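Accompanying notes for the structure given below.
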Amino acid sequence: MDRDTVLTHILKPKGMSTILGGEVPATVISNNKYISQPTSDAQLTDRNVGVTSASLDHAIHTALSGEIRTVILRGPEGSGKTTALEKLVVDWAKGEHLQNFSYVFCFRLKEINSDGGALSLENLMQHHHSHFCPESMPLVLQKPEDVLFVFDDLDQCKLCLDPSVHHPLCSDPSQAVSMSCLIASLLHGSLLKGAAFVVATRQTGCLEFLSGTWVELLGFLKPQREAYFNGFFTDPAAASKYLMHMEKTLGFYDFCTSPRFCWTVCSIYKTLMDAGAKLPETVSQLYIDILAHLLQALSLDKACNRELLLALGRMASHCSLHQHSSCTKEELDSFGFRRFLSSVGVFLQIDGDKGSDACVFSFTSQLMLEFIMALSFLLDKSTSEGVEKMLEDHKGHAKFLDLFLSGLSEPIQRRPLETLLGELNSDQILDFKCWFKSSSEETLKGYYKDRHHRCFHLLHQAQNKSLVKEIITASARTGISYGDLSLQDCVALNYVASCLGEMKLLNLYRTSNFTEEEAEVLAPAMSLSHKILLSDSSLSTGAVHHLASALNRGLTKELDLSYTRLGDEKLKILCAGLRDCKLHSLKLVTCKLTETSCEDLVSVLTSGTSQLCVLEIRFNQIGDQGFMKLCKALHSPQCKLQELQLQSCKLTAVSMEAFSAALCSGKSELKKVDLTQNRIGDSGVEALCKSLQHPLCKLQSLNLFDNELTGACCPHLMETLMSEHCSLSELDLSVNDLGQKGTLLLCQALRQPGCPVEKLGLKRCELTELVFKELGSLLRSGTSRLKSLIVGINKVGDQGVKHLWDAVAHPSCLLEELDIEMTNLTDACVEDLCAAVRASKTLKNLELRNNSLTNASVPALIQVMEDSHNMQEMNLKYNNIGEEVFNMLSECDKIRY
């Protein structure tokens, strides 16, 4: 096979470069503009190749150099499949690669579609490869393993290639058979068994029966786009400027990886640059500019332009509805193209002789098809079809149709086209706007975040700030989680936030991979949000940098990063932005922080500019050493911290002396501290009690839940509560073995007129009936300030709790909340319970979960809840109440069951 002849044949330009069709592959290769696409080594069959990231060409060469006989390239339209295949043949013809093959035949199956009748393999090769010498055919047949077939546009082949639904395959190369049978016989090895194949196809599910190495075309990623722009524009500064613009405005769309799309963008950017015009901000604006350029090139009058566009619209609608990628000349005539056949090449790809009936016409891209369909809908003054029906008809086939309608509905954006086409149909535009407004209002009341995203995309395409404010009203439910946004979702959401000027909440809960790119796009929205929720998310280091920057210059007062496993290094980055921002509350629950992070938090708290007053670092192993570092910040007059949550932070009594010293230093503003589930023990509480009695200590709420305390700490607590300087209004001692003796001491202190405690937690503290009797007595005393009492999981039964019922009924009792969960209550207590509720002027909430109340008590409980003006809620969950009374309970909205 004469390789020079093959080279000449393959490099002979076919067609011409167009703004939509891209540059002709032969020209790209001849002018050394070819850029190989990236692909991962996981896509290679030969995994022993010593590369971690291989090019597409390398992937093909490697696969075909081994025992692989079929390689399938899969990628979307305009992704460079044809150019890659032609480069493959050129490299073979030049002797650079694939020298294990003696013969290479390249076919475009879109062209073979036009061949009619029966044809043998021999005739096929000679018909489509006139440079192939017929005398070489016996050599091809004798050694098929030396033959490589390259098939382009496999998805365009109208033939049935699946052997499971195919007629008997052919094995004789001289036998004339249908084209369908011939191609299927080659691909499935019954004809020329042992030959190798490289085939290219768009993403379609109808070719999954093919076996071989599948290679996905990744297209032009950022490095390839950079190389492409540098090759297109002679001025490096211009190349950089226009690439940056495309990346910012369009780079988040998948189609930006298409080499053909890059050609289109570069071409129109150059045209706009030469005219001194503004570059497009959205994909709608881009296609408005493209179409205006194409129409200007035709130099037709408005009436002809309009007629041509309506004909293109009819073709676009036909292709979309019937899922046809191309149309015949006869179909084209039926759409109204008869006057414009000389002009269609500007908009359509033409395969075959334009004068032949076998010639087929297709849109060069799905995007242009959808844009023309949207434009023709708004242009057509004869149609009565509404926008809702039109969108429903094309649902699932046209991804950008509503987006283009949104862009074209705005007068400023469509003006360049109206100059060339005349005014669009005002009724259709009004119909779209009414549909958009009503559907958006409905969408934004719901919880479907993908529908919210679509609404934001439509607003982004419209580029109308006042429209955003009109649609995103106070009733919009924008507080739902927008976690796991795509990059284009980020762009749309950011646009909406920028138009609104500020957001109450940016909810990104459960974002599984918050990338640097996404965070960079959302940074303005983050800086405009009063609260940012990123809990249960995974943030890249780059994303944390942009978050820190957004906080530094933004409005954010609350940030929740709980369960993000942030770690010390990322927290250090975050803290750089926290030193000078408006943040009041920071949640870092379960973030894998250690003692190291405490140093960075101290630098923030003592910066003099930080406004942080609530810090939650629960479930982080900061330990005593880390906490003692934090205590140093509490000595600083710059520290504004008022609430500190330290549950399960591996603290012991060792750090309590330092904490106590900080509390009574006169500088600490702390009012609320949660030390739940830390092993501080009785000695730790003893140390704390010293500060709680100090006149400079401002602590009002202390949670010592499950701190391994015993009754031995109660004398110190009693002394503290009786101190004139104690300011504790909330004290939780639940899940500690205080016992009867210890709690009776506490009751003595609570009875004193000066004791400030209003909320007391003693759940599961080994309390006895005697303790309940004493609690009842102090509630009736007239000196107690208690408004909330939590004494659940102390199994004192009906007799023990009766002391509390008697107290609740007493006019001196101030209780508003009573928790007696799992205290072994039965129906026998209900009479006293109801009497207490009726008599009380203050009780609002009653917690009765996990007791032994039955159906028999339900009528009385419902009646007392309906009669009571004070009571807001009674919780009866997990009692012995059956389903037969659920209907009765459901009628009382104050009871949970």
Side-chain angles (χ1 to χ4, degrees), residues 711 714 733-751 759-784 786-865 868 871 873-881 895 897:
C714 291
L733 297 164
S734 298
V735 193
N736 289 293
D737 294 336
L738 302 182
Q740 177 176 291
K741 184 178 179 182
T743 46
L744 287 175
L745 289 176
L746 291 178
C747 289
Q748 286 183 40
L750 292 165
R751 187 185 287 275
K759 182 174 182 177
L760 179 64
L762 292 170
K763 181 176 288 189
R764 214 224 72 186
C765 283
E766 304 298 326
L767 306 186
T768 63
E769 183 181 340
L770 182 58
V771 173
F772 271 66
K773 182 179 180 181
E774 185 61 24
L775 285 169
S777 174
L778 74 91
L779 287 169
R780 295 193 305 271
S781 66
T783 56
S784 168
L786 277 179
K787 294 180 180 178
S788 173
L789 180 61
I790 303 167
V791 287
I793 321 182
N794 289 290
K795 298 181 180 181
V796 294
D798 294 333
Q799 277 303 113
V801 176
K802 187 179 188 307
H803 299 291
L804 297 185
W805 298 137
D806 293 344
V808 168
H810 196 278
S812 297
C813 179
L814 305 177
L815 272 191
E816 297 177 4
E817 177 186 42
L818 178 59
D819 182 341
I820 41 178
E821 174 190 2
M822 203 182 292
T823 49
N824 284 3
L825 296 181
T826 70
D827 292 336
C829 77
V830 172
E831 186 178 344
D832 291 328
L833 184 162
C834 291
V837 169
R838 284 195 172 90
S840 173
K841 297 292 188 293
T842 58
L843 195 64
K844 297 176 181 178
N845 295 293
L846 190 54
E847 180 63 71
L848 294 167
R849 281 184 305 169
N850 291 298
N851 282 295
S852 301
L853 302 174
T854 71
N855 293 358
S857 298
V858 169
L861 293 174
I862 291 174
Q863 189 63 53
V864 76
M865 288 300 286
S868 172
M871 285 295 292
E873 183 175 279
M874 177 187 288
N875 193 344
L876 292 173
K877 283 187 174 183
Y878 315 120
N879 276 274
N880 297 332
I881 295 172
I895 297 180
Y897 60 94

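If you're wondering where the values come from, they're calculated on a predicted model, not measured in any experiment.
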Nearest heavy-atom pair of [X] and [Y]: which atoms, and what distance?
X: Gly800; Y: Phe772; result: O-CB, 3.4 Å
X: Val796; Y: Leu767; result: CG1-O, 3.8 Å
X: Cys829; Y: Leu853; result: SG-CD2, 4.2 Å
X: Ser784; Y: Leu778; result: CB-O, 3.3 Å
X: Ala836; Y: Ala809; result: CA-CB, 3.9 Å
X: Arg764; Y: Asp737; result: NH2-OD1, 3.3 Å

Check: [X] side chain, [Y] main-chain N or O, donor-acceptor pair, under 3.5 Å:
X: Ser812; Y: Gly782; answer: no
X: Asn875; Y: Lys877; answer: yes
X: Ser840; Y: Val837; answer: no
X: Asn794; Y: Cys765; answer: yes

Heavy-atom side-chain contact between [X] and [Y] under 4.5 Å:
X: Leu848; Y: Glu821; result: no
X: Leu843; Y: Val808; result: yes
X: Leu779; Y: His810; result: no
X: Arg751; Y: Thr783; result: yes
X: Leu818; Y: Trp805; result: yes
X: Ser788; Y: Leu760; result: no
X: Lys759; Y: Ile790; result: yes
X: His803; Y: Leu775; result: no

If we ignore angles and hydrogens, is there a donor and acceptor under 3.5 Å between the side chains of [X] and [Y]?
X: Glu817; Y: Asn845; answer: no
X: Asn880; Y: Thr854; answer: no
X: Glu816; Y: Thr842; answer: no

* Asked: Considering residues, nucleotides and ligands other than Lys763, do more than 12 of their heavy atoms fall under 6.0 Å from its NZ?
  ->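 Yes - once you tally the heavy atoms of other residues, nucleotides and ligands closer than 6.0 Å, there are more than 12.
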* Asked: Is the number of heavy atoms from other residues, nucleotides or ligands within 6.0 Å of CD (Glu873) greater than 12?
  ->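 Count over threshold, so yes.
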Which distance, rounded to the nearest 0.5 Å, do you find between the [atom1] of [X] and the [atom2] of [Y]?
X: Ser857; Y: Ile881; atom1: OG; atom2: CD1; answer: 7.5 Å
X: Leu789; Y: Lys787; atom1: CG; atom2: NZ; answer: 14.5 Å
X: Asn824; Y: Ser852; atom1: CG; atom2: OG; answer: 6.0 Å
X: Lys802; Y: Asp832; atom1: NZ; atom2: CG; answer: 4.5 Å
X: Thr768; Y: Lys741; atom1: OG1; atom2: NZ; answer: 13.5 Å
X: Leu876; Y: Tyr897; atom1: CG; atom2: OH; answer: 11.0 Å

* **Residue from Val791, Ile793, Leu833 passing side chain to side chain contact (heavy atoms under 4.5 Å, CB included) with Ile820** =>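 Going through the options one by one, the only one that passes is Val791.
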* side-chain contact (heavy atoms from CB on, under 4.5 Å) between Met874 and Leu861, worked out -> CA-CA 9 Å; Met874 177 187 288; Leu861 293 174; 4.0 Å; yes
* side-chain contact (heavy atoms from CB on, under 4.5 Å) between Arg849 and Met822, intermediate numbers included -> CA-CA 6 Å; Arg849 281 184 305 169; Met822 203 182 292; over 6 Å; no
* To do: Could you please spell out the steps behind the salt bridge (charged side-chain N to carboxylate O under 4.0 Å, His left out) verdict for Asp806 and Arg780?
  => CA-CA 9 Å; Asp806 293 344; Arg780 295 193 305 271; 5.4 Å; no
* Test side-chain contact (heavy atoms from CB on, under 4.5 Å) on Arg838 and Gln863 and set out the steps. => CA-CA 10 Å; Arg838 284 195 172 90; Gln863 189 63 53; 4.0 Å; yes
* To do: Take Leu738 and Leu746 through the side-chain contact (heavy atoms from CB on, under 4.5 Å) test and state the conclusion after the steps.
  => CA-CA 10 Å; Leu738 302 182; Leu746 291 178; 4.2 Å; yes
